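Because only heavy atoms are used, hydrogens play no part in the values below, and waters and symmetry mates are left out as well, while side chains stay in. What you see is a predicted model, and the numbers here were worked out from it, not measured in a lab. Per chain, numbering begins at 1; letters A, B, ... match sequence-line order.
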Amino acid sequence: MSDSFAHRLLAWYDTNGRHDLPWHHDRNPYRVWVSEIMLQQTQVTTVIPYFEAFMRRFPDVEALASAPVDDVLSHWSGLGYYARARNLQKAAQQVVENHNGQFPEDLEQLQTLPGIGRSTAAAIIAQAFQRRAAILDGNVKRVLARYHAIAGWPGKTSVLNLLWARAEEHTPKERIRDYTQAIMDLGAMVCTRSRPACESCPLRTGCEAYARGETGLYPGSKPKKTKPEKTTWMVILQDHDGRILLERRPPSGIWGGLWSLPELDPAYGPDELPEACEQAFGFNCGEPALTSGFRHTFSHYHLHIRPARLTVHSSAQVKDAENHRWIHRDKALALGLPAPIRTLLTSPEQSVLL
DNA sequence: GAGACGTGGTC
DNA sequence: TGACCAAGTCT
């Protein structure tokens, strides 16, 4: 039912909303889908340049499906959550092979594609097919939690279910595309996390949190936990030509599918590194030169990185040639080597800014 | 249910 | 400076 909530929101959107984002032009399921995946946990201003470059290189689902995976990853460099890029291409291949190149128009079917969950599927239904579907992203959660004074952290299933129920309730049958954009815009521009602009909010009347003067209490915050500390070796393996070894990281885990300095088990002591390298790569190495380690903070843990530089004595081939490559020192320096954290690559030729 | 997955912005 | 968060999904 399109209640007063939806009407007030749409009236606000008509004069105050964002109507000119790149994915609003030439709107088709492919462009909507790519934008929705890029926008997961990522802000609009960050996404815009990536979206435009991505569309130039992969203008349609066939182009994406048939591209080399390293090419897809290189266009994702710096965006983070690289599983999104891998899933994006897998999904493109499924659309081409199983759906004749056309995106399914059904909520459940969309969710069978990798990387598409309930909210993204609904966003595609609403934005691309203009059919009624309720979304519930971070913006909508905040708006609804405040409007209905829904207490508790939205990560909790019970709270999430309450929010979904309200989202369904407010979603209108008419102007579904605009409504979907409108409620996200309100969350991003007015009903912000800190210092919301309640005085210019079309939903001020009826907002329970505002009436109580308690907008700061909603949505409830996540339970605090101390971040675990992890440690790793990152080795700078150099041969007599000055070349440095890179390793393709496994598809899952941190920086999945990207290239970086090889990592070794932190259980090895400094003295055991030559032996560990011999086992892992097949090289006879000299004594490691250790430089001071540093800490890199991620969403869920602190990573203590210990760089170790070793020189390769034997000129044998690398053991696992498929997943290792040498790059020349000049190139390595240009990429910022040997600072290990700056050596992430989407292919040995391309650097990633971190 | 809880943890993993990234980078950039905010306070 | 560091905790917290952002157009979530997968394991």
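Residue A:Trp153 is the one, among A:Trp153 and A:Arg84, whose nearest nucleotide of DNA chain B lies closer to the 5' end (criterion: closest heavy atom). Nearer to the 5' terminus of DNA chain C, by closest-nucleotide assignment, is the contact made by A:His302 (compared with the other of A:Tyr81 and A:His302). Toward the 5' end of DNA chain C, the nearer of the two residues A:Leu113 and A:Ser35, judged by each one's closest nucleotide, is A:Ser35.
For A:Thr192, there are no side-chain hydrogen bond (donor to acceptor under 3.5 Å, both in side chains) partners, not counting sequence neighbours.
Between A:Trp23 and A:Tyr30, a ring centre-to-centre spacing not shorter than 6.0 Å is recorded. Proximity of the aromatic rings of A:Tyr82 and A:Trp255 is defined here by a centroid distance below 6.0 angstrom, and this criterion is not met. Ring-centre distance between A:Phe294 and A:His296: not below the 6.0 Å cut-off. Between A:Phe283 and A:His313, a ring centre-to-centre spacing not shorter than 6.0 Å is recorded.
A:Lys224 comes within contact range of the sugar-phosphate backbone alone, with a heavy-atom separation under 4.0 Å but no base atom that close. Base contact: A:Gln41 has a heavy atom under 4.0 Å from a base atom. Among the protein residues, A:Gly253 comes within range of the sugar-phosphate backbone only, with heavy atoms under 4.0 Å from sugar or phosphate atoms but none that close to a base. At the heavy-atom level, A:Val44 lies under 4.0 Å from base atoms of the strands shown. A:Lys141 comes within contact range of no nucleotide atom at all, as no heavy-atom separation falls under 4.0 Å. Across all strands, A:Leu79 comes closer than 4.0 Å to base atoms (heavy-atom distances).
A salt bridge is defined here as a Lys NZ or Arg NE, NH1 or NH2 lying under 4.0 Å from an Asp or Glu carboxylate O, and A:Lys90 with A:Glu97 fails to meet this definition. Checked for salt-bridge contact, A:Glu229 and A:Arg295 meet the test: a charged N lies under 4.0 Å from a carboxylate O. Comment: A:Arg146 does not engage A:Glu214 in a salt bridge, judged by the lack of any side-chain N to carboxylate O separation of less than 4.0 angstrom. Salt bridge status for A:Arg131 with A:Asp106: absent, with no side-chain N to carboxylate O gap under 4.0 Å.
Within a heavy-atom distance below 4.0 Å of DNA chain C, the residues of residues 181-189 of chain A found are A:Gln181, A:Met184. Contacts between residues 190-202 of chain A and DNA chain C, defined by a heavy-atom separation under 4.0 Å, are made by A:Arg193. Only at 4.0 angstrom or more do the heavy atoms of residues 10-27 of chain A sit from any atom of DNA chain B, so none qualifies.
Comparing the C1' positions of B:dG3 and C:dA7 gives a spacing of 22 Å, expressed to the nearest Å. Spacing of C1' atoms, B:dG8 relative to C:dT1, comes out at 16 Å, to the nearest Å.
Taking the 5' to 3' direction, DNA chain C first and last meets chain A under 4.0 angstrom from a heavy atom at C:dC4 to C:dC10.
The minimum heavy-atom distance linking A:Lys230 with A:Tyr301 is given by the pair CD-CD1, 3.7 Å.
Judged as a side chain to side chain donor-acceptor pair (under 3.5 Å), the pairs with a partner in residues 47-59 of chain A (not counting sequence neighbours) are, in order, A:Arg57-A:Asp71.
Side-chain atoms of A:Ser299 lie closest to B:dG6 of the nucleotides B:dG8, B:dG6, B:dA4. In this structure, of B:dG3, B:dG6, B:dC5, it is B:dG3 that holds the atom nearest to the side chain of A:Lys225.
Residue A:Ile254 contributes atom CD1, which lies 10 Å from atom P of B:dA4 at whole-angstrom precision. Straight-line distance from the CE atom of A:Met38 to the P atom of B:dG8: 15 Å, rounded to whole Å. A:Phe298 has its CZ atom 12 Å from the P atom of B:dA4, to the nearest Å. Whole-Å rounding puts the A:Tyr50 OH to B:dG8 P distance at 7 Å. Distance CD (A:Glu229) to P (B:dA4): 14 Å, rounded to an integer number of Å. What separates CZ of A:Arg142 from P of B:dT10 is a distance of 14 Å, to the nearest Å. Atom pair A:Leu39:CG and B:dG6:P shows a separation of 17 Å (rounding to whole Å applied).
Under a cutoff of 6.0 Å and an axis angle of 45°, A:Arg118 and A:Trp164 form a cation-pi pair.
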Test log, rule ring-ring contact (aromatic ring centres under 6.0 Å, His included), inputs A:Tyr13 and A:His19 = CA-CA 9 Å; A:Tyr13 172 75; A:His19 301 267; 4.2 Å; yes
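Using the six-membered ring where Trp is involved, A:His75 and A:Phe54 have ring planes that are perpendicular, over 60° apart on the 30 and 60° scheme.
Put simply, A:Lys222 has no side-chain N or O that comes within less than 4.0 Å of OP1 or OP2 on B:dG3. The phosphate of B:dG3 (OP1 or OP2) has no side-chain N or O of A:Tyr301 nearer than 4.0 angstrom.
Put simply, A:Val72 and A:Leu258 are part of the same group of oily side chains (I, L, V, M, F, W, Y) that touch within less than 4.5 Å, one to the next.
For NZ of A:Lys319, the number of neighbouring non-hydrogen atoms (other residues, nucleotides, ligands) closer than 6.0 Å is greater than 12.
The base of B:dG6 sits with one of its N or O atoms less than 3.5 Å from a complementary donor or acceptor on the side chain of A:Thr42.
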